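Have a look at the structure below before the remarks.
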There are 2 protein chains.
Amino acid sequence: MAKIQPGNSATKKEAIIQKAATLFKVKSYTAASMRELAEMLGVEASSLYNHIGSKSELLQAICCKVVKEFAVNLNLIECNSTSNISKIEAIIRFHIRIMLYNFDEVYVANHEWKHLKEPYLSDFLNFRRSYEKKLIVLIESGMANNELKIINPYVATLTILSAVRGLEFWHGHKKNVSQEVLENDMINHLLTGLLR
Amino acid sequence: MAKIQPGNSATKKEAIIQKAATLFKVKSYTAASMRELAEMLGVEASSLYNHIGSKSELLQAICCKVVKEFAVNLNLIECNSTSNISKIEAIIRFHIRIMLYNFDEVYVANHEWKHLKEPYLSDFLNFRRSYEKKLIVLIESGMANNELKIINPYVATLTILSAVRGLEFWHGHKKNVSQEVLENDMINHLLTGLLR
DNA sequence: TTACAAAACTAACGCTTATTAGTTTTATTG
DNA sequence: CAATAAAACTAATAAGCGTTAGTTTTGTAA
């Protein structure tokens, strides 16, 4: 009869959510079982239900937490940064850092949101749409005042968001590239291009 | 007692694989059931086993087909293109086109490879690693002869591959952006940057 | 020490899963 | 028309799933 140790997390529920994120990342949401999750925590599956409501609640908690972190940060950047370019820079840096410090949860939100139930699924997709839209506006504004060259703003946004999303692949290889090089070179690439 | 119609596919097995790709894309591999797949084809689940060996064989077929298409194309580009820059251009164009014409299969390969069984899982990961490595070498070569500016070649490769991988999001919005604009602007962005 | 609440346990429920076996229908060929 | 092969069917299997009910243990505070 082992007990769930909150560990770094504040509550036992948070400890379960954190372990769930790790499990869902490795096995995917549908393939992961509550019995496996319980084993990671050293208890029986049914014991989890003293702390959580359901499996899908775990996914909701993970995705919701990630959404909040992106929302808070984008708001911060919109208020504090000056030029459009510096805002784009700050966004890229944030994506790299959240990938470093909250990898499991961000990965699960990016890959498993499909299995959210309503209304959480709609909420999640609406947030993503609005996040993308804000970036498009940012880039359009940068084009309007001659900071940026004229290309399709949706394509530019897609390129930037996809590039930072792809940082999940960097996570396995990070020993070869420092965080500073990654941030600076990716910003350099996306802003000034690869051509000499 | 409906029959499986090969439709555009050559054989009935290929028809099943194509429908499986669509189903796995929408529901994910683990959440998709053979009963659902059978329903899409208008037969009972057990009837599928007259044509295929197992569920996981379907995933293998999808991933294997995608790997082959990328392998063949990269080989073609390496032989026929001249400068490193034109090779990179050709690779980006190919990724955009395969996303347009083989979306379901590429999507499934990108998202569900995790559920491949050995040795197919190792084969898939090895291919991806070697594909990435070839791009790194391409970029290093471009830097060596002053075509490209000096940034970390792994970061540049990650940025490019992630950007084209992110084209899965374009698939839902493609009505607003033509294929030509997408190809040209993404190449423009990745090669010459966003800055004016 | 007693009382109470938190959180673990065991056992089971009803359901879904991929897959197999055995049978029947359909289509093709001699 | 008869024979054969392809491909459908029905029915059942064993395993695993999330979750619940009821019970027992554990830790805390009066």
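Here is how names work: the chains are called A, B, and so on, in the same order as the sequence lines, proteins then strands, and each is numbered from 1. Just so it is clear, the structure is predicted and the values come from calculations on it, not from any experiment.
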Next on the checklist: Tell me whether B:E183 is salt-bridged to B:R97, with the criterion being a basic N under 4.0 Å from an acidic carboxylate O.
Outcome noted: yes
Checklist entry - Among pairs that include at least one residue of residues 135-158 of chain B, which meet ring-ring contact (aromatic ring centres under 6.0 Å, His included), considering only residues two or more places apart or in two chains? => result A:H173-B:Y154
Checklist entry - Hey, do the aromatic rings of B:H95 and B:F70 have their centres closer than 6.0 Å? => result yes
Item to check | Residue pair A:A45 / A:M34: nearest heavy atoms and the distance that separates them | outcome: CB-O, 4.0 Å
Checklist entry - Across the strands shown, which category fits A:S47 at heavy-atom distances under 4.0 angstrom: base, sugar-phosphate, nothing? => result base
Item to check | B:E39 and B:R35 ion-paired at < 4.0 Å | outcome: no
Checklist entry - Can the ring centres of A:Y107 and A:H171 be said to be less than 6.0 Å apart? => result no
Please list, pair by pair, any protein nitrogen or oxygen found under 3.5 Å from a nitrogen or oxygen in nucleotides 19-22 of chain C.
from	atom 1	to	atom 2	distance (Å)
C:dT19	OP2	B:Y49	OH	2.5
C:dT19	OP2	B:K55	N	2.9
C:dT19	O5'	B:Y49	OH	3.3

Item to check | Salt bridge flag under 4.0 Å for residues A:E78 and A:K87 | outcome: no
Next on the checklist: Ignoring hydrogens, what is the shortest heavy-atom contact between B:E105 and B:I62? Give both atom names and the distance.
Outcome noted: O-CG2, 3.7 Å
Item to check | Of residues 13-31 of chain A, the positions that come close to DNA chain D - non-hydrogen atoms, cut-off under 4.0 Å | outcome: none
Item to check | Heavy-atom pair with the smallest gap, counting every atom of A:R165 and A:M99 | outcome: O-CE, 3.7 Å
Checklist entry - Which pairs, with at least one residue in residues 52-63 of chain B and sequence neighbours excluded, count as a salt bridge (Lys or Arg N to Asp or Glu O under 4.0 Å)? => result B:K13-B:E57
Item to check | Protein-nucleotide distance (B:L41, atom CG; D:dC9, atom P), rounded to Å | outcome: 11 Å
Expected list for residues 119-128 of chain A: side-chain donor-acceptor pairs under 3.5 angstrom, two or more places apart:
from	atom 1	to	atom 2	distance (Å)
A:S122	OG	A:E118	OE1	2.7
A:S122	OG	A:E118	OE2	3.0
A:N126	OD1	A:R129	NH2	2.9
A:N126	ND2	A:S122	O	3.2

Item to check | Spacing of B:L48 atom CG relative to C:dT17 atom P, expressed in whole Å | outcome: 14 Å
Checklist outcome for this item: If each end axis of the helix from C:dT1-D:dA30 to C:dG30-D:dC1 is fitted on five C1' pair positions, the angle between them, to 10 degrees, is 0°
Checklist entry - For B:I52 and D:dA6, what is the distance between atoms CD1 and P respectively, to the nearest whole Å? => result 18 Å
Item to check | Separation of atom NE2 in B:H51 from atom C1' in D:dA5, rounded to whole Å | outcome: 13 Å
Next on the checklist: Starting the side chain at C-beta, find the nucleotide from D:dC17, C:dA8, C:dT17 nearest to B:S33.
Outcome noted: C:dT17
Checklist entry - With a non-hydrogen cut-off below 4.0 angstrom, is A:A38 in contact with a base, only sugar-phosphate, or nothing? => result nothing
Checklist entry - To the nearest Å, how far apart are B:E44 CD and C:dT23 C1'? => result 15 Å
Checklist entry - Just how far, in rounded Å, is P of C:dT17 from CD of B:E39? => result 11 Å
Item to check | For atom NZ of B:K12 and atom P of C:dT26, their distance in whole Å | outcome: 14 Å
